[in-house]
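Chain A is the first sequence line, chain B the second, and so forth, proteins listed ahead of strands; every chain is numbered from 1. Source: prediction; values computed, not measured.
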Amino acid sequence: MTSSVRVRFAPSPTGYFHIGGARTALFNWLYAKHTQGTFVLRIEDTDTERNTKESLNSLLSNLRWLGLDWDEGPDVGGPYGPYFQSERNEVYQRYLEQLRQAGCVYEKEGAIWLKVSGATQTLDDLIHGPVQRLEEKDFVIYRSNGTPVFHFVNVVDDIDMHITHVIRGEDHLSNTNKHLELYRAFGVTPPKFAHIPLILKTSGPGKMSKRDSGSLVEEYRQKYFLPEGIINYLSLLGWSPKNDREIMPIAEIIAAFDLKDVNNTNARFDEKKLMFINAEHVKNLSPEAFYQQGVIVLKETGHENAIHDTNRLKAIFAIVQEKLRSFEELPHFIEYFFDESYPFEPEAFKKIEKYQPKQRLLELKEKLSALTNFSEENIEACIHTLSETNQIPTGHYIHPLRFAVSGRSVGPSLYHMLPILGQSTVLARIQRCLDTQLS
RNA sequence: GUCCUGUUCGUCUAGAGGUUAGGACAUCGGGUUUUCAUCCCGGCAACAGGAGUUCGAUUCUCCUACGGGACGCCA
């Protein structure tokens with residue numbers, strides 16, 4: 001760490017990790033990386049009724065999956081731990097005692113209340129500018145059951161952990177006055193605040209919530225989205241590098257990110273754009289990275305039979321990468337390379353009927369079987385010759401042939417996929433098509 | 001209801017006191033004499049409304065409308 005910036009992400013593990021939380025974590029992480037500061041993860045688990053172990057595991061796991069690693073927090077420790085609020089009671093008692101000594105609190109109906117100043121507080125928000133508001137009523141900081149409430153622990157921990165910048169959702173903007181009252185009571189200069197705009201539902205009113213479809217990080221992980229794609233999309237919700245750049249590697253985002261460029265308007269979540277950005281990242285993957293991920297996806301989706309021949313698989317990936325939008329599509333997209341009993345799709349058949357497919361395939365079968373070197377160039381030359389000799393467009397050969405060898409109307413470049421399948425397989429597939437579809 | 005906050009194409013955004021208001025997604029159309037979910041080209045599409053300041057405002061100020069948030073012994 002070469003700067004004194006200390007930021008924190010302070011989630012409450014009460015459900016699955018959602019996009020809004022991921023975006024808040026991301027902005028904190030980006031700012032820490034950009035300033036070479038420290039990113040602290042603090043778990044706000046004081047609500048024993050709603051916190052669950054599963055939620056915590058999901059949170060940590062998905063944060064790591066996204067690559068949002070923390071410098072201090074659960075599992076990694078740090079100088080200001082513990083990082084679970086449920087384990088910090090002594091700290092809170094100590095700070096409460098301080099307020100007692102200062103005469104800032106009183107007890108009423110078993111709970112402990114903070115006396116507010118009665119003065120208008122001005123918050124100099126890094127994103128919204130000066131915000132003035134009066135906190136007029138005293139509020140509870142310790143419940144009658146002896147446990148501290150959010151506002152209190154949040155401020156105490158930020159003080160105790162030396163947080164310099166509080167980057168959180170705009171839904172906390174109104175809470176900040178309570179926090180400012182607490183800082184005043186403690187006699188501590190507040191950190192800088194940056195309230196980032198909220199993410200709204202794709203359609204309809206209100207902010208995005210865990211209940212909305214597409215709102216859980218877990219969903220994208222299960223669909224094999226690339227973490228860097230999600231990070232890239234999320235970074236563009238409320239922030240912009242202001243140079244028309246959109247598809248960026250994470251290093252570029254870190255270098256460009258700054259709180260002063262975060263805007264103050266809520267953004268609507270757009271899954272289509274997320275898809276697009278993910279697809280761009282899939283295309284930009286190195287062959288090695290694509291292979292690694294491809295193998296994982298094939299294994300997890302029950303296609304172990306596809307991964308045995310590494311060289312063949314790499315050849316298939318090479319002609320398929322540019323066509324894929326997400327790894328979720330991979331297994332289905334390449335299935336027929338590994339299965340001689342692939343189905344012939346009726347919709348695909350409809351598209352080739354007009355080309356007199358039986359005749360075309362018989363011609364192709366004869367010419368292709370005569371090739372001594374089943375190369376992409378020779379296949380292409382062969383089809384062109386056929387086309388010229390019979391005065392028939394090449395498409396009339398290509399479409400039925402693709403249908404015959406894959407059962408589909410779409411797929412990777414035909415000239416490139418045939419050599420991978422191999423001459424005998426291609427001829428056998430043409431024959432099967434002739435026998436079962438065109439007899 | 002009270003308080004806070006915001007308002008550029010359908011969506012994410014750039015922008016400047018005087019611009020043909022730019023880019024991207026989506027969408028529509030065309031092309032790549034091989035499909036397309038790739039690639040290329042093109043079209044459609046925005047400064048919420050009203051006052052004020054100003055030679056001039058979409059850009060600054062105010063009001064209205066609309067949006068979002070907060071008002072718990074939840075976080």
Side-chain angles (χ1 to χ4, degrees), chain A residues 10-14 44-47 49-51 85 108-113 123 125 127-129 131-137 139-154 168-178 195 197-203 205-207 233 236-247 261 263-277 279-280 282-283 319-326 329 333 348 351-352 380 383-384 387 393-403 406 408-416:
Chain A
S12 174
T14 56
E44 307 219 329
D45 55 352
T46 55
D47 184 350
E49 296 292 302
R50 299 196 300 148
N51 292 143
Q85 291 186 330
K108 179 178 149 194
E109 293 162 356
I112 296 171
W113 298 66
L123 158 67
D125 192 88
I127 292 168
H128 293 272
V131 177
Q132 293 194 328
R133 193 163 169 276
L134 169 66
E135 194 64 37
E136 31 192 10
K137 292 189 295 191
F139 57 93
V140 173
I141 58 171
Y142 253 81
R143 303 183 184 88
S144 48
N145 68 6
T147 60
V149 307
F150 163 72
H151 302 297
F152 180 76
V153 295
N154 188 267
R168 58 185 6 169
E170 200 182 290
D171 48 342
H172 285 290
L173 193 53
S174 301
N175 288 154
T176 309
N177 295 273
K178 285 192 175 73
H195 287 92
L198 267 23
I199 298 178
L200 270 25
K201 291 179 200 290
T202 300
S203 59
K207 61 175 174 172
Y233 174 68
L236 261 15
L237 246 33
W239 172 79
S240 156
K242 304 188 189 304
N243 57 186
D244 283 349
R245 290 274 295 158
E246 289 205 318
I247 308 304
D261 297 321
N263 63 212
N264 53 16
T265 60
N266 294 162
R268 236 172 240 285
F269 187 72
D270 182 357
E271 203 165 342
K272 290 220 177 95
K273 184 135 189 183
L274 203 204
M275 288 269 221
F276 167 79
I277 290 180
E280 293 301 302
V282 168
K283 282 171 204 139
I319 62 171
V320 132
Q321 182 170 2
E322 62 169 11
K323 302 272 185 171
L324 279 187
R325 288 153 73 226
S326 81
E329 301 171 341
F333 201 74
K351 290 186 184 174
I352 62 146
E380 183 167 0
I383 290 177
H384 278 293
S387 156
T394 52
H396 293 210
Y397 286 99
I398 282 161
H399 300 309
L401 183 51
R402 176 188 296 288
F403 175 73
S406 72
R408 315 252 178 98
S409 62
V410 301
S413 163
L414 185 72
Y415 299 135
H416 292 83

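- Put simply, CZ on A/R133 is 7 Å from C1' on B/rA70, counting in whole angstrom units.
- In this structure B/rG42 sits in a base pair with B/rC28, meeting the Watson-Crick or G-U test at under 3.5 Å.
- When the P atom of B/rG68 is taken as reference, atom NZ of A/K207 falls 12 Å away, rounded to whole Å.
- Take A/T176 and apply the side-chain contact (heavy atoms from CB on, under 4.5 Å) test, not counting sequence neighbours, and it matches A/L123, A/R168, A/L180, A/F193, A/H195.
- Qualifying side-chain hydrogen bond (donor to acceptor under 3.5 Å, both in side chains) partners for A/K323, counting only residues two or more places apart in sequence or in other chains: none.
- Scanning for ring pair (Phe, Tyr, Trp, His ring centres under 6.0 Å) contacts around A/F150 gives A/H172, A/H179, with sequence neighbours left out.
- Qualifying side-chain contact (heavy atoms from CB on, under 4.5 Å) partners for A/S413, counting only residues two or more places apart in sequence or in other chains: A/Y415, A/H416.
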Output one line per pair: protein atom, nucleotide atom from nucleotides 20-22 of chain B, and distance, for all N/O pairs under 3.5 Å.
from, atom 1, to, atom 2, distance (Å)
B/rG22, N2, A/D244, OD1, 3.3

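- Applying the side-chain contact (heavy atoms from CB on, under 4.5 Å) criterion to A/Q132, with sequence neighbours excluded, gives A/T120, A/T122.
- Each of A/S144 and A/K272 was matched to the nucleotide of RNA chain B holding its nearest heavy atom; the match closer to the 5' end belongs to A/K272.
- Rounded to whole Å, the distance from CG on A/D45 to P on B/rA75 is 11 Å.
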Using atom names, set out every protein N or O paired with an N or O of nucleotides 37-40 of chain B below 3.5 Å, distance rounded to 0.1 Å.
from, atom 1, to, atom 2, distance (Å)
B/rA37, O2', A/K323, O, 3.4
B/rU38, O3', A/K283, NZ, 3.4
B/rU38, O2', A/E322, O, 3.2

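- Within the 4.0 angstrom heavy-atom criterion, no nucleotide atom of any strand lies near A/R245.
- Within the nucleic acid shown, A/S174 comes within 4.0 Å of at least one base atom, counting heavy atoms only.
- Atom CG of A/L198 and atom C1' of B/rG67 are 12 Å apart (whole Å).
- Along RNA chain B, the nucleotide nearest A/V140 and the nucleotide nearest A/S413 are compared for position; the residue whose nucleotide lies closer to the 5' end is A/S413.
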Please write out the pairs of protein N or O atoms and N or O atoms of nucleotides 44-46 of chain B separated by less than 3.5 Å, giving the distance to one decimal.
none

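- The base-pairing partner of B/rU33, taking Watson-Crick or G-U wobble contacts with both distances under 3.5 Å, does not exist among the strands shown.
- Distance CG (A/D171) to C1' (B/rC4): 13 Å, rounded to an integer number of Å.
- By the side-chain contact (heavy atoms from CB on, under 4.5 Å) test, A/S409 is found to be paired with A/A348, A/K351, residues two or more places apart in sequence or in another chain being considered.
- If you take atom P in B/rC9 and the same atom in B/rA21, they sit 15 Å apart, rounded to whole Å.
- A/P205 comes within contact range of the sugar-phosphate backbone alone, with a heavy-atom separation under 4.0 Å but no base atom that close.
- Not counting sequence neighbours, the partners of A/R325 by the side-chain hydrogen bond (donor to acceptor under 3.5 Å, both in side chains) test are A/E329.
- Here the side chain of A/D45 pairs a donor or acceptor atom with the backbone of A/Q85 at under 3.5 angstrom.
- Taking the C1' atoms as reference points, B/rC44 lies 15 Å from B/rG30, given to the whole Å.
- A/H195 comes within contact range of no nucleotide atom at all, as no heavy-atom separation falls under 4.0 Å.
- Comparing B/rC63 with B/rG69, their C1' atoms sit 22 Å apart, to the nearest whole Å.
- Although no hydrogens or angles enter the test, the distance criterion places no donor-acceptor pair under 3.5 Å between the side chain of A/E322 and the main chain of A/K283.
- For A/T46, a side-chain nitrogen or oxygen approaches OP1 or OP2 of B/rA75 to under 4.0 Å.
- Pairing for B/rC66 is with B/rG6, a Watson-Crick or G-U wobble pair whose two hydrogen-bonding atom distances lie under 3.5 Å.
- Between the side chain of A/S12 and the backbone N or O of A/T14, no donor-acceptor pair lies under 3.5 Å.
- Spacing between B/rG42 and B/rU32 at atom C1', rounded to whole Å, works out to 15 Å.
- Judged as a ring pair (Phe, Tyr, Trp, His ring centres under 6.0 Å), and not counting sequence neighbours, the contacts of A/F403 are A/F344, A/F349.
- In this structure, B/rG72 makes no Watson-Crick or G-U wobble pair, since no nucleotide meets both defining distances under 3.5 angstrom.
- Annotation: A/Y233 is in aromatic contact with A/F269 [ring centroid separation under 6.0 Å].
- Base pairing annotation: B/rG18 forms a Watson-Crick or G-U wobble pair with B/rC55, both donor-acceptor distances under 3.5 Å.
- Here, B/rG50 and B/rG18 have their C1' atoms 23 Å apart, quoted to the whole Å.
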Checklist entry - What string of B, S and - do you get for nucleotides 5-13 of chain B, 5' to 3', when a contact is any protein heavy atom under 4.0 Å? => result SSS---SBS
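- In this structure, A/H172 atom NE2 and B/rA75 atom C1' are separated by 7 Å, rounded to whole Å.
- A/L200 has its side chain out of reach of A/P205: every pair of non-hydrogen atoms, C-beta onward, lies at least 4.5 Å apart.
- If you take NZ of A/K201 and P of B/rG67, they are 15 Å apart, rounded to a whole angstrom.
- Straight-line distance between the C1' atoms of B/rG49 and B/rG67: roughly 15 Å, to the nearest whole Å.
- When the C1' atom is used for both B/rA14 and B/rU19, the distance is 13 Å, rounded to whole Å.
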Next on the checklist: Set out, in order, the CA-CA distance, both residues' side-chain angles and the distance that settles side chain to side chain contact (heavy atoms under 4.5 Å, CB included) for A/F152 and A/T147, then state yes or no.
Outcome noted: CA-CA 10 Å; A/F152 180 76; A/T147 60; over 6 Å; no
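- Side-chain contact check for A/D125 versus A/N264: every heavy-atom pair is 4.5 Å or farther apart.
- Spacing of C1' atoms, B/rU58 relative to B/rA75, comes out at 40 Å, to the nearest Å.
- Remark: C1' of B/rC25 and CD1 of A/I277 are 8 Å apart, rounded to the nearest angstrom.
- Between A/P197 and A/T265, the closest side-chain pair of non-hydrogen atoms is not below 4.5 Å.
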